[in-house]
Amino acid sequence: MPLVRDVPTTPFSDQKPGTSGLRKRTTVFRTPHYLENFVQALLDVAALDAKATLIIGGDGRFLNREATQVIIRMAAANGITRVMVGQGGLLSTPAASHLIRLSGAGGIILSASHNPGGPDGDFGIKYNAANGGPAPESFTNEVAKRAAELTSYRIADMADVPLDTIGTHTFDDITVVVVDPVTEYATLMESLFDFAAIRALFAGGFRMRFDAMHAITGPYATEILERRLGAPAGTVINGTPLPDFGGGHPDPNLTYAHDLVEELFGTSAPDFGAASDGDGDRNMVLGTRFFVTPSDSLAILAANATLAPGYATGIAGVARSMPTSAAVDRVAKEMNLPCFETPTGWKFFGNLLDAGRITLCGEESFGTGSSHVREKDGLWAVLFWLNIIAVRGESVEQIVTGHWTKFGRNYYTRYDYEEVPSDAAASVMQQLRDEQVSQPGQTIAGRKIAAADDFSYLDPIDGSTSAHQGLRILFEDGSRIIYRLSGTGTAGATLRVYIESYVAGPDGLDRDPQDALKDLVQAALDVAQIPQRTGRTAPTVIT
Ligand code: G1P
Ligand code: ZN
């Protein structure tokens with residue numbers, strides 16, 4: 001029996017309500033007892049059965065390895081007898097979700113997703129339940145409450161686990177199974193997609209670039225794309241996970257994945273480009289000099305789902321987060337499928353997936369996924385695209401423009417104002433609520449307002465309600481303006497404005513989105529008085 005110590009701690013209670021885990025500056029996590037306090041609260045609330053296996057892994061950012069050792073020692077001290085951890089303490093978020101579903105009763109994921117890492121970056125920790133998905137809000141609120149009361153935590157005095165050595169390591173009270181982080185995930189992907197068709201595509205000279213952004217998907221993409229699918233060496237760039245992501249911002253969008261964007265929009269651009277984020281759950285997809293919006297991507301995957309063996313018998317339904325464009329709604333209507341609109345955040349898809357009501361789901365924020373795991377999945381989306389390209393024998397641009405011709409086009413853009421002083425951001429939202437600046441019947445930018453509200457969601461499975469999920473101005477022609485505050489930023493507030501407008505075609509399908517949406521964007525900024533209230537004349541990021 002290793003010595004179990006009860007270490008006194010001051011209570012910590014600064015988890016943001018409603019968030020699925022704890023995400024903070026790395027410096028905060030390095031405050032003495034801070035990590036331990038949260039882990040103890042988490043283990044207390046999870047109350048895992050002694051025989052249960054706890055899965056542990058993270059995206060490789062600074063502190064990942066040390067935190068993994070601490071969590072294993074605390075698991076041992078708290079009566080957990082078996083943990084399974086990715087080699088080096090690594091697991092992408094979707095791979096962790098899969099491993100939990102295969103062999104765990106729950107899992108701890110170490111990541112701050114797409115936020116920068118390193119000693120001055122961000123760190124995070126979250127708990128996923130036995131279904132592989134983020135723990136529900138009731139759980140995380142319990143954890144926050146518990147963390148605020150704790151006066152001590154339990155930790156075992158045991159040797160460091162050899163995290164780099166695959167195999168079963170037995171300690172006095174706990175067995176630690178170190179697994180290859182990629183193997184099970186790669187097998188799952190092989191079961192869903194037509195690897196033979198994709199292999200033939202690469203063998204025929206199809207050129208792809210995958211930017212792993214020095215984050216977790218490097219080893220996954222290298223194994224799957226280059227080894228199993230025969231893409232040429234060098235297809236994956238920035239493929240070695242680094243503790244600080246090479247100093248970059250591991251978020252696959254047009255701003256942060258600049259190397260990839262430059263190449264795909266350059267003169268000798270490859271046929272296909274893709275990137276994933278820090279922990280591997282987001283994806284960006286590009287064709288030759290062509291950007292696919294995540295909202296369109298979801299719609300296109302839904303429309304072509306049966307081309308992939310894993311979805312050949314059809315899909316049960318689809319869901320999108322409220323700010324995601326309604327492109328997928330049109331596909332669902334045409335295919336006679338149920339279509340759900342949920343608040344922002346992956347956790348809202350979990351119940352629908354568990355109940356078998358949906359098969360595919362996605363968000364405008366570069367997140368797409370399916371019932372194969374309970375997280376969004378970056379590489380999965382990329383493989384799905386490769387499968388569709390291989391079977392259809394068309395370019396990305398042909399697939400997307402063909403889709404618009406059939407379904408019409410939802411022009412879409414998102415403006416982000418990052419690190420705005422919290423009170424300024426709150427005043428923007430308050431003003432929109434109080435003064436009821438947008439009234440049905442009123443006209444903005446030549447469009448008549450049909451309704452304006454603060455989005456509220458009634459979960460059809462558990463009956464719970466989530467209110468205040470974003471202010472919407474809905475126009476009679478299907479256009480929308482949405483305002484919401486981010487729940488994931490770690491400094492100040494991030495204000496997001498989403499603008500969408502639908503064109504049925506056949507004319508006007510090939511405009512530049514910023515140009516097509518110009519009037520509506522201006523109206524959105526005016527109505528909310530963004531420059532006046534935030535002092536910002538331009539957003540930090542436009543997508
Ligand atoms: C952002 C995205 C949201 C996504 C979340 C986690 O949240 O907008 O769609 O689920 O990151 O990746 P936000 O910062 O907007 O609250
Ligand atoms: Zn992520």
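Every number for a ligand or one of its atoms is a count from 1 in the order of the listing. In what follows, every heavy atom counts, from backbone to side chain, and hydrogens, waters and symmetry copies are set aside.
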Report the protein N/O/S neighbours of the Zn ion (ligand 2) that fall below 2.8 Å; do not count waters. Ser113 OG, Asp277 OD2, Asp279 OD1, Asp281 OD1

Starting from the C-alpha separation in whole Å, work towards a yes-or-no answer on side-chain hydrogen bond (donor to acceptor under 3.5 Å, both in side chains) for Thr68 and Asn64. CA-CA 6 Å; Thr68 303; Asn64 189 137; 3.3 Å; yes

Backbone, side chain, both or neither: what part of Ser365 comes under 4.0 angstrom of ligand 1, heavy atoms only? side chain

Decide whether an N or O pair under 3.5 Å exists between Tyr498 and ligand 1. no

The atoms of ligand 1 lying under 4.0 Å from a heavy atom of Arg282, numbered in the order shown, are 1 (C), 2 (C), 5 (C), 6 (C), 11 (O), 12 (O)

Backbone N or O of Val236 within a donor-acceptor pair of the Glu226 side chain at under 3.5 Å? yes

Please identify which atoms of ligand 1 are closer than 4.0 Å to at least one heavy atom of Lys376. 4 (C), 6 (C), 10 (O), 12 (O)

Polar contacts were defined as any N/O atom of the residue lying under 3.5 Å from an N/O atom of the ligand; does this apply to Ser486 and ligand 1? yes

Do Trp346 and Ser321 pair up side chain to side chain, a donor and an acceptor below 3.5 Å, judged on atom types alone? no

Can you find an N or O of Leu485 that's nearer than 3.5 Å to an N or O of ligand 1? no

So, does Thr344 sit close enough to ligand 1 that a heavy atom of it is under 4.0 Å from the ligand? yes

Are any side-chain N or O atoms of Arg61 and backbone N or O atoms of Ser113, one a donor and one an acceptor, separated by less than 3.5 Å? yes

For Gly345, the ligand 1 atoms whose distance to one of its heavy atoms is below 4.0 Å: 10 (O)

Given the options Leu99, Leu91, Leu379, Tyr185 meets side chain to side chain contact (heavy atoms under 4.5 Å, CB included) only with Leu379

Might you confirm whether atom CZ of Arg30 has over 12 heavy atoms from other residues, nucleotides or ligands at distances under 6.0 Å? no

Under 3.5 Å between some N or O of ligand 1 and some N or O of His114? no

Show me which atoms of ligand 1 lie under 4.0 Å from any heavy atom of Arg496. 8 (O), 13 (P), 14 (O), 15 (O)

The answer for which part of Arg414 has a heavy atom under 4.0 Å from ligand 1 is side chain

Anything under 30° is parallel, anything over 60° is perpendicular, the rest tilted; go ahead and classify Phe291 against Phe366. tilted

Is Ser479 reaching over with its side chain to a backbone N or O of Phe475, donor-acceptor style, under 3.5 angstrom? no

Measure from the side-chain N and O atoms of Thr324 to the backbone N and O of Ser295, and report whether any donor-acceptor pair falls under 3.5 Å. no

Any side-chain heavy-atom pair from Ile461 and Arg357 closer than 4.5 angstrom? yes

Show your working on side-chain hydrogen bond (donor to acceptor under 3.5 Å, both in side chains) between Tyr498 and Arg484 and close with a plain yes or no. CA-CA 9 Å; Tyr498 312 78; Arg484 63 175 282 279; 2.9 Å; yes

Give the intermediate values and the outcome of side-chain hydrogen bond (donor to acceptor under 3.5 Å, both in side chains) for residues Asn304 and Tyr311. CA-CA 9 Å; Asn304 292 279; Tyr311 309 93; over 6 Å; no

Can you tell me if Gly367 has a non-hydrogen atom under 4.0 Å from ligand 1? no

